[in-house]
Protein chains: 2
Amino acid sequence: MTPESIKVACSNCNLRELCMPVGLSPEELQRLDSLVATRRKVRRKELLFHNGEQFVSLYAIRTGVFKTRITSEDGRDQVTGFQMAGEIIGLDGIVNDRHTCDAVALEDSEVCVMPFDRIEELSREVSALQRHVHQIMSREIVREHGVMLLLGSMRAEERLAAFLLNLVQRLHARGFSASELVLRMTREEIGSYLGLKLETVSRTLSKFVDDGVVEVNQRHVRILDAEALRRMVNPTVCA
Amino acid sequence: MTPESIKVACSNCNLRELCMPVGLSPEELQRLDSLVATRRKVRRKELLFHNGEQFVSLYAIRTGVFKTRITSEDGRDQVTGFQMAGEIIGLDGIVNDRHTCDAVALEDSEVCVMPFDRIEELSREVSALQRHVHQIMSREIVREHGVMLLLGSMRAEERLAAFLLNLVQRLHARGFSASELVLRMTREEIGSYLGLKLETVSRTLSKFVDDGVVEVNQRHVRILDAEALRRMVNPTVCA
DNA sequence: CGGGGGTTTGACCGGTCTCAACGCTCGTGG
DNA sequence: CCACGAGCGTTGAGACCGGTCAAACCCCCG
């Protein structure tokens with residue numbers, strides 16, 4: 001039995017709590033299984049979709065990590081996010097029926113392909129799904145507000161601290177360590193996301209190491225003093 | 001007959017093309033009229049909604065201009081957008097049933113109040129509305145990607161040029177001049193949005209004036225050389 | 001063993017911030 | 001009608017953070 005032929009079923013997927021609504025009746029849950037048309041494997045460095053491509057489906061990440069990036073006409077690009085298991089990508093394509101960014105796998109990954117017209121059809125009938133879709137989109141909007149705050153008002157140290165805390169928190173929610181993580185992206189990609197140059201990312205990381213806040217070995221990072229990172233992001237008002 | 005008692009009806013609102021789906025049947029169009037529960041006036045400097053407030057409705061701007069801003073725990077704030085007639089605000093509240101930002105009127109304004117549960121209910125029945133809601137949210141996501149690019153990779157001049165071009169383009173789409181505009185926001189608010197200090201905004205504007213690209217009188221701006229602004233945002237590859 | 005992508009580190013530069021002073025405009029009240 | 005103050009905007013001088021350029025390093029992998 002090849003992996004491809006395994007029955008695709010959200011109802012018994014271990015990521016269900018992450019990407020599906022909760023509190024569904026068994027009957028509703030079963031209907032949602034039909035959302036996932038198929039699964040698709042994407043190897044490291046390959047694109048799940050790219051700018052200009054016809055928009056057809058949203059994708060739920062089963063395994064692996066992606067980055068999304070936009071490219072301006074003059075060739076600059078900006079990483080707009082890093083996505084991991086249970087997160088939904090492709091929302092950018094809805095407005096104009098074309099994707100406006102690239103989604104690149106940072107490691108070998110697998111996604112569930114959910115044709116958007118099927119999502120719309122089903123969410124007209126299952127209001128819990130409708131609500132869920134709205135929440136996912138709203139959550140993305142709120143996330144981006146946070147990134148705007150970061151890019152607009154934080155200094156390099158604060159940005160990197162916020163980035164590490166966010167990553168480790170999301171990994172922890174997925175059952176990984178609350179203090180150790182493996183960066184799936186390069187310094188340059190981190191820099192692009194944070195509005196910094198790769199040298200600045202590297203230097204700032206080195207500073208964290210000097211200060212005893214983290215340990216860094218290549219892509220492996222261990223957070224020694226999460227409290228210190230939190231203080232950087234959120235300078236406590238000295239009372 | 002007071003303004004308040006005027007029949008609220010999207011079907012004959014002159015902003016219809018901006019905030020409503022197109023291509024509806026007369027019957028559908030009439031049903032959508034029931035979306036707008038009421039209208040609400042907001043005076044300059046007053047809040048339409050604020051961070052932490054219970055989320056109930058989305059708002060379509062009829063007249064006036066708003067800014068939305070988020071505030072970090074330590075008090076920094078970041079303007080996340082400027083919204084004008086025909087645009088929808090409040091999407092941030094959907095995820096957690098609470099608003100996560102403030103919406104402040106920059107001049108006396110009026111909005112249409114659209115209870116979100118009614119939107120959801122109706123969009124289960126009118127698929128054109130459903131699609132429309134999805135597009136509005138997706139459009140906001142894509143807009144924010146653009147802001148991330150701006151904040152993450154552009155220099156002060158480029159940011160301000162992009163800002164002016166964007167504003168004037170949106171105003172033009174609403175029937176105003178394609179080259180003149182009145183800024184409804186302060187230099188500080190522009191700076192917050194663009195990730196710059198107010199002094200930098202002021203200095204950069206002055207530079208544009210020196211270069212003969214714009215004329216500035218207080219809040220009144222006249223664009224003399226739009227092409228120059230476009231070149232700043234998008235350094236043409238010299239062939 | 002060699003090569004290459006990714007990373008670190010250093011020296012220097014420059015754009016933006018900071019701090020400060022001054023100016024302008026408009027509304028208010030004497 | 002004018003004086004005045006508040007809010008907003010402009011301009012300058014100097015500091016500093018992060019960018020730029022360059023060299024060296026490291027680790028993995030062919």
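Everything quoted here is computed from the prediction, not taken from an experiment. Just so it is clear: chains get the letters A, B, ... in the order the sequence lines come, proteins before strands, and each one is counted from 1.
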**Proximity of B:Phe66 and B:Phe82 rings by center, below 6.0 Å** = no
**Request:** With sequence neighbours excluded, tell me which residues meet ring-ring contact (aromatic ring centres under 6.0 Å, His included) with A:Phe208.
**Result:** none
**Asked** Any ion pair linking A:Arg184 and A:Glu189 (charged N to carboxylate O, less than 4.0 Å)?
**Response** no
**Prompt:** Charged N to carboxylate O under 4.0 angstrom, A:Arg69 versus A:Asp102?
**Reply:** yes
**Asked** Any donor and acceptor pair, going by atom type alone, linking the side chain of A:Glu140 with main-chain N or O of A:Met137 inside 3.5 Å?
**Response** no
**Message:** Just the rounded figure in Å: distance from C1' of D:dC27 to CZ of A:Arg219.
**Reply:** 11 Å
**Item:** Spacing between A:Asn217 atom CG and D:dC28 atom P, to the nearest angstrom
**Value:** 10 Å
**Prompt:** Which residues, if any, of residues 193-212 of chain B bring a heavy atom under 4.0 Å of DNA chain D?
**Reply:** B:Leu198, B:Glu199, B:Ser202, B:Arg203, B:Ser206
**Asked** Between B:Asp108 and B:Arg44, does at least one N-O distance fall below 4.0 Å, as a salt bridge requires?
**Response** no
**Prompt:** Once you round it to whole Å, what is the distance between P of D:dG9 and NE2 of B:His220?
**Reply:** 15 Å
**Item:** Whole-Å distance separating the CZ atom of A:Arg44 from the C1' atom of D:dC28
**Value:** 11 Å
**Prompt:** Using the C1' atoms of five pairs at each end, what's the angle between the two axes of the helix from C:dC1-D:dG30 to C:dG30-D:dC1, to 10 degrees?
**Reply:** 30°
**Fill in**
Across all chains, not counting sequence neighbours, the side-chain hydrogen bond (donor to acceptor under 3.5 Å, both in side chains) partners of B:Arg203 are none
**Request:** State whether A:Lys207 and A:Glu157 are salt-bridged, where the test is any N-O pair (Lys NZ or Arg NE/NH1/NH2 against Asp/Glu carboxylate O) under 4.0 Å.
**Result:** yes
**Nucleotide interval of DNA chain C bounded by contacts with chain B (heavy-atom cut-off, under 4.0 Å)** = C:dT16 to C:dT25
**Item:** Sequence-distant partners of A:Tyr59, ring-ring contact (aromatic ring centres under 6.0 Å, His included), two or more places apart
**Value:** A:Phe49
**Prompt:** Ion pair present between A:Glu87 and A:Arg170, side-chain N to carboxylate O less than 4.0 angstrom?
**Reply:** yes
**Message:** Closest-nucleotide mapping onto DNA chain C: is B:Ala156 or A:Thr186 further toward the 5' terminus? I mean the 5' end.
**Reply:** A:Thr186
**Asked** Do B:Leu224 and B:Val214 have side chains that get closer than 4.5 Å, going by heavy atoms?
**Response** no
